[in-house]
Amino acid sequence: MTVVLDAFQAPASLRLTARVLGWPFKWLGHSGDERQPPATRALTALGPAYIKFGQVLSTRPDVVGDEVAGQLRVLQDKLPPFSREEALQTIAAELEVDPDILFSDFSEPVAAASIAQVHKATLRGTGEDVAVKVLRPGIERAFRKDVEAFYLAARVVDLLAPQARRLKPMDVIEHFAGVVRGELDLRMESSSAAEFAANTATDEGFRVPRIEWGASSRRVMTLGWVEGISANDIAAIEAAGHDRRVLGERVLQLFLKHALRDGFFHADMHQGNLKIGANGDIIALDFGIMGRLDEYTRRVYAEILYGFIRKDYRRVAEVHFEAGYVPADRDVDDFARALRSVGEPIFGMDASRISMGRLLSYLFEVTERFGMETRTELILLQRTMVVVEGVSRSLNPQINIWEVAQPIVEDYIRDNVGPKAMLRDLSRTAIILSRFGPKLPAMAETMLMAQSQPSTVYQPKKWPWILLGSGVGAFVVAFLVLLAEIL
């Protein structure tokens, strides 16, 4: 921990406190595989939830430094594996079939992360090579222990640090626990992979392996084997002749496209979960953590990005107020000025000239000054943005995130904000109302009967607009849909 705080250039008092309080736990840094650095060994010894934190930091050498990021990169897919025999036992119990009947070949572990490990196998029936992902034995209990510790820490923060309550530590841990529960059920991951593959089937330069449903269950997932270079092996990527600039831009644009267009995105896009195919395709792996955004949140997110791209800080501020991200009693002009102080120094710069450590520190000051609370529905989006930008930087250190993001954001704004989108929203609303056509007369009668009852309290008249019957509603729907298509 002190290594990370030193990399963050934390205040001397905080670093001293961490050293004093952390002394009883110093032994954690000396357990496990002695070939690994102390920081990596310590996180591994603490548990899988802490490993997840280390994986995020490993993507940001610009924040924690090259040395720490390099140490933590081991956590992405090179953790100590469990035995091949234990994996086969899990497969036999979960699929209720002898693995020798299912697979003609089953390798030693080829990758091992915090939740599971992967084996290369060959399906006996088809001869197809597949990747078999198997959960670690006892991983459910290990995560439960970590989450309970996080809940305790959140309660202590709530009790002893009232100024930090705006960060909603209990809500954040509850959100994290929900994400973990989904990650520990590989049936849910298989479903996410299938949905993600369907959404991205036409995305040029991007691939998702096919799921083998017949060889997948709660603790086992089987998908098509893919060959490629790990995204963290920069030397191999260059030796293969791939254009790192193109790859860096593609990673960022694909993330934005999936988040804005589909509202469903890969929320664990560190280098260990990305491969570069021989043809330059980006191949995504590990779909345990996926993010989902409703349509309103997507529009807010796009308008904020678009405002920054156009340097319209007043509009960015207004969107924050409209969405409820900033308390209504704050001054919108003051917030716009604070946003300008964030955006102007970095606008137009390539990534190599931006200090993300200082930027994140200042952003935290801004959120505190304006009383902004943590939005749990945005946690995965914000976390993934940090990781994806780090991956893009590693591939192309000179990447300009604003220029790369602009065409994706503009396409979304053109199709989803403005008159065309408003007409589409109205048509969808009318369609929903028309479904209740048979119930509308009874609902209207109930409302009228309630209004006819004498009352000593003044009540404004409630005009029964819902008396738009299914016939009139259908006409309105047809007209709006037609108009939207014309525009």
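The structure displayed is predicted, hence computed values, not measured ones.
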For the side chain of [X] and the backbone of [Y], is there at least one donor-acceptor N/O pair under 3.5 Å apart?
{"X": "Ser216", "Y": "Met221", "value": "no"}
{"X": "Thr297", "Y": "Leu293", "value": "no"}
{"X": "Asn400", "Y": "Trp402", "value": "yes"}
{"X": "Ser192", "Y": "Met290", "value": "no"}
{"X": "Asn273", "Y": "Met269", "value": "no"}

Sequence neighbours left out, what passes side-chain hydrogen bond (donor to acceptor under 3.5 Å, both in side chains) with [X]? Give chain and number order.
{"X": "Arg292", "answer": "Glu195"}
{"X": "Asp334", "answer": "Arg337"}
{"X": "Asp203", "answer": "His258, Arg261"}
{"X": "Arg210", "answer": "Glu128, Glu212"}

Smallest separation among heavy atoms of [X] and [Y], with atom names:
{"X": "Ala240", "Y": "Ile229", "result": "CB-CD1, 3.7 Å"}
{"X": "Ala231", "Y": "Ile237", "result": "O-CD1, 3.9 Å"}
{"X": "Phe143", "Y": "Ile115", "result": "CE1-CD1, 2.6 Å"}
{"X": "Gly248", "Y": "Asn396", "result": "CA-CB, 4.4 Å"}
{"X": "Pro209", "Y": "Leu285", "result": "CG-CD2, 3.8 Å"}
{"X": "Ala278", "Y": "His242", "result": "O-CE1, 3.5 Å"}

Output all residues satisfying side-chain contact (heavy atoms from CB on, under 4.5 Å) with [X], sequence neighbours left out; order by chain, then residue number.
{"X": "Glu227", "value": "Lys120, Trp225"}
{"X": "Glu318", "value": "Arg314, Arg315, Glu322, Val332"}
{"X": "Asp329", "value": "Pro327"}

Take Phe265 and Leu254 through the test side chain to side chain contact (heavy atoms under 4.5 Å, CB included) and record every step on the way to the result.
CA-CA 9 Å; Phe265 59 92; Leu254 283 168; over 6 Å; no

Tell me every residue that passes ring pair (Phe, Tyr, Trp, His ring centres under 6.0 Å) with [X], counting only those two or more places apart in sequence or in another chain.
{"X": "Tyr313", "result": "Phe308"}
{"X": "Phe370", "result": "Phe335"}
{"X": "His266", "result": "Phe287"}

Using the rule given for salt bridge (Lys or Arg N to Asp or Glu O under 4.0 Å), can you reason through Arg181 versus Glu140, listing the C-alpha separation, both sets of side-chain angles and the distance that settles it, and then say yes or no?
CA-CA 9 Å; Arg181 282 193 295 271; Glu140 293 90 348; over 6 Å; no

Is it true that [X] and [Y] make a salt bridge, defined as a side-chain N closer than 4.0 Å to a carboxylate O?
{"X": "Glu295", "Y": "Arg299", "value": "yes"}
{"X": "Glu204", "Y": "Arg250", "value": "no"}
{"X": "Arg207", "Y": "Asp281", "value": "yes"}
{"X": "Arg393", "Y": "Glu389", "value": "yes"}
{"X": "Arg218", "Y": "Glu189", "value": "no"}
{"X": "Glu303", "Y": "Arg298", "value": "no"}
{"X": "Arg383", "Y": "Asp268", "value": "yes"}

[atom1] of [X] to [atom2] of [Y]: how many Å apart, nearest 0.5 Å?
{"X": "Asp286", "Y": "His270", "atom1": "CG", "atom2": "NE2", "value": "6.5 Å"}
{"X": "Leu395", "Y": "Arg245", "atom1": "CG", "atom2": "CZ", "value": "12.5 Å"}
{"X": "Leu184", "Y": "Arg144", "atom1": "CG", "atom2": "CZ", "value": "9.5 Å"}
{"X": "Leu260", "Y": "Phe255", "atom1": "CG", "atom2": "CZ", "value": "8.0 Å"}
{"X": "Leu123", "Y": "Asp129", "atom1": "CG", "atom2": "CG", "value": "8.5 Å"}
{"X": "Ile139", "Y": "Glu183", "atom1": "CD1", "atom2": "CD", "value": "9.0 Å"}

Take Ile283 and Leu274 through the test side chain to side chain contact (heavy atoms under 4.5 Å, CB included) and record every step on the way to the result.
CA-CA 6 Å; Ile283 307 167; Leu274 297 174; over 6 Å; no

Pair Phe206 + Phe196: ring centers closer than 6.0 Å
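Distance test on ring centres: under 6.0 Å, yes.
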
Find out whether [X] and [Y] are in side-chain contact, i.e. whether some heavy atom of one side chain is under 4.5 Å from a heavy atom of the other.
{"X": "Glu174", "Y": "Tyr151", "answer": "yes"}
{"X": "Ser392", "Y": "Glu249", "answer": "no"}
{"X": "Leu247", "Y": "Ile276", "answer": "yes"}
{"X": "Lys311", "Y": "Glu344", "answer": "yes"}

Checking Leu256 against Leu305 for the side chain to side chain contact (heavy atoms under 4.5 Å, CB included) test, could you report, in this order, the C-alpha distance in whole Å, the side-chain angles of both residues, the deciding distance, and whether it holds?
CA-CA 10 Å; Leu256 289 172; Leu305 289 177; 4.0 Å; yes

Test Met170 against Arg155 for side chain to side chain contact (heavy atoms under 4.5 Å, CB included), laying out the working first.
CA-CA 7 Å; Met170 291 295 290; Arg155 291 189 184 96; 3.7 Å; yes

The complete set of salt bridge (Lys or Arg N to Asp or Glu O under 4.0 Å) pairs with one or both residues in residues 228-242, sequence neighbours excluded, reads Glu238-Arg244

Scan for salt bridge (Lys or Arg N to Asp or Glu O under 4.0 Å) pairs involving residues 404-414, sequence neighbours excluded, and state none if there are none.
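Found Asp411-Arg414.
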
